Amino acid sequence: MQPIGTLWVVATPIGNLGDLSPRAQKTLAEVELIAAEDTRHSHALLAHYNIGTRCIALHEHNEREQCEKLVADLLAGKNIALISDAGTPLISDPGFRLVRAARGAGVAVRPLPGPCAAIAALSVAGLPSDRFVFEGFLPAKSSARIQRLRELGGETRTLIFYESSHRVRESLADMLAVFGEQRSAVLARELTKMFETVLDASLAELLAKVDADSNQQRGEFVLIVGGAEEEGGDGRLAEGRRVFALLRAELPPSQAAKLAAAISGAPRKALYTIQQDE
Ligand code: SAM
């Protein structure tokens, strides 16, 4: 009997074509079929690596129908790769139904890890990364967005959001209204691309920067927000404030904030902003 095939879930670059791993290149070249979110979009990547494997479209509108056919192909012995337009499939991208159906049918589903915008942004954000929450895209409508943000108001883990260029300003403004001006945040834009920028500041400062420079509203974004202070908390900010107050008597504010942050573990920006507000 013919052995059944494998479904490879392959991460692809989020901007820089050089970020496709050698193992991903080999797998995409060797499988019999690639299920791609948008075949025309993926053509540029595949052409860059001279990969001529046949592609079919698997997107949110046809995933249900395609699943049945693809699982039948896998059971008939075909090896198939799943890719999305960018990054890791299933992460705010199609593929969940196919993976579930393949697993349900006893097909081996294997990851081929690589780029993911959320993880890339977190890795350079400088915000606590031991525990975090991935929220994907916020609702497009302001009322629903604010409601969602309110639900997250007390979340103490670092929050990661995806955002598009036409809503980044509105989302920042809503976050500022719900989480407060002082909450630390990072706006990671166009990662791995020519205009990559990573801004870290309080929400109030970030919004001001985005307002001052319309380029900061162009492209693709990951927005990362520091978690709320633990109630009664681990006391890092309180300790940071105490140390900062002592040092400020002797040192310039920026130096005092830097040292107080290093000693207490509190975010430097939060301490510096406290100083400006006082
Ligand atoms: N599956 C992808 C991943 O693994 O990151 C995410 C797909 S989701 C449809 C697209 C969103 O990811 C964009 O709207 C943006 O929020 C984020 N994104 C993708 N590429 C990015 C990049 N180069 N820089 C910043 N954010 C990016």
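Model, not experiment: these values are computed from the prediction. Whatever order the structure lists ligands and atoms in, that order sets their numbers, starting from 1.
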Extract all N/O-N/O pairs under 3.5 Å that connect ligand 1 to the protein, and present each with both atom names and the distance rounded to 0.1 Å.
from: ligand 1; atom 1: 1 (N); to: Ala86; atom 2: O; distance (Å): 3.2
from: ligand 1; atom 1: 1 (N); to: Thr88; atom 2: O; distance (Å): 2.9
from: ligand 1; atom 1: 1 (N); to: Ile91; atom 2: O; distance (Å): 2.8
from: ligand 1; atom 1: 1 (N); to: Asp93; atom 2: OD2; distance (Å): 2.8
from: ligand 1; atom 1: 4 (O); to: Thr88; atom 2: N; distance (Å): 2.8
from: ligand 1; atom 1: 5 (O); to: Ala117; atom 2: N; distance (Å): 2.8
from: ligand 1; atom 1: 5 (O); to: Tyr162; atom 2: OH; distance (Å): 2.7
from: ligand 1; atom 1: 16 (O); to: Glu163; atom 2: N; distance (Å): 3.1
from: ligand 1; atom 1: 16 (O); to: Glu163; atom 2: O; distance (Å): 3.3
from: ligand 1; atom 1: 16 (O); to: Phe221; atom 2: O; distance (Å): 2.5
from: ligand 1; atom 1: 20 (N); to: Glu220; atom 2: OE1; distance (Å): 3.3
from: ligand 1; atom 1: 23 (N); to: Ile14; atom 2: O; distance (Å): 2.9
from: ligand 1; atom 1: 23 (N); to: Leu191; atom 2: N; distance (Å): 3.4
from: ligand 1; atom 1: 23 (N); to: Leu191; atom 2: O; distance (Å): 2.9
from: ligand 1; atom 1: 24 (N); to: Leu191; atom 2: N; distance (Å): 2.9

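Of the possible polar contacts, none joining the Asn62 side chain to the Glu65 backbone as a donor-acceptor pair under 3.5 Å is found.
Residue pairs meeting the ring-ring contact (aromatic ring centres under 6.0 Å, His included) criterion with at least one member in residues 60-100, sequence neighbours excluded, are His59-His61.
Atom CZ of Phe195 has 12 or fewer neighbouring heavy atoms from other residues, nucleotides or ligands inside a 6.0 Å radius.
Every residue meeting the salt bridge (charged side-chain N to carboxylate O under 4.0 Å, His left out) condition with Glu30, not counting sequence neighbours, appears here in chain and number order: Lys26.
A salt bridge (Lys or Arg N to Asp or Glu O under 4.0 Å) with Asp174 holds for exactly one of Arg145, Lys141, Arg169; it is Arg145.
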Report, one line per pair, each donor and acceptor closer than 3.5 Å where one atom sits in a side chain of residues 5-16; sequence neighbours left out.
from: Asn16; atom 1: OD1; to: Gly18; atom 2: N; distance (Å): 2.8

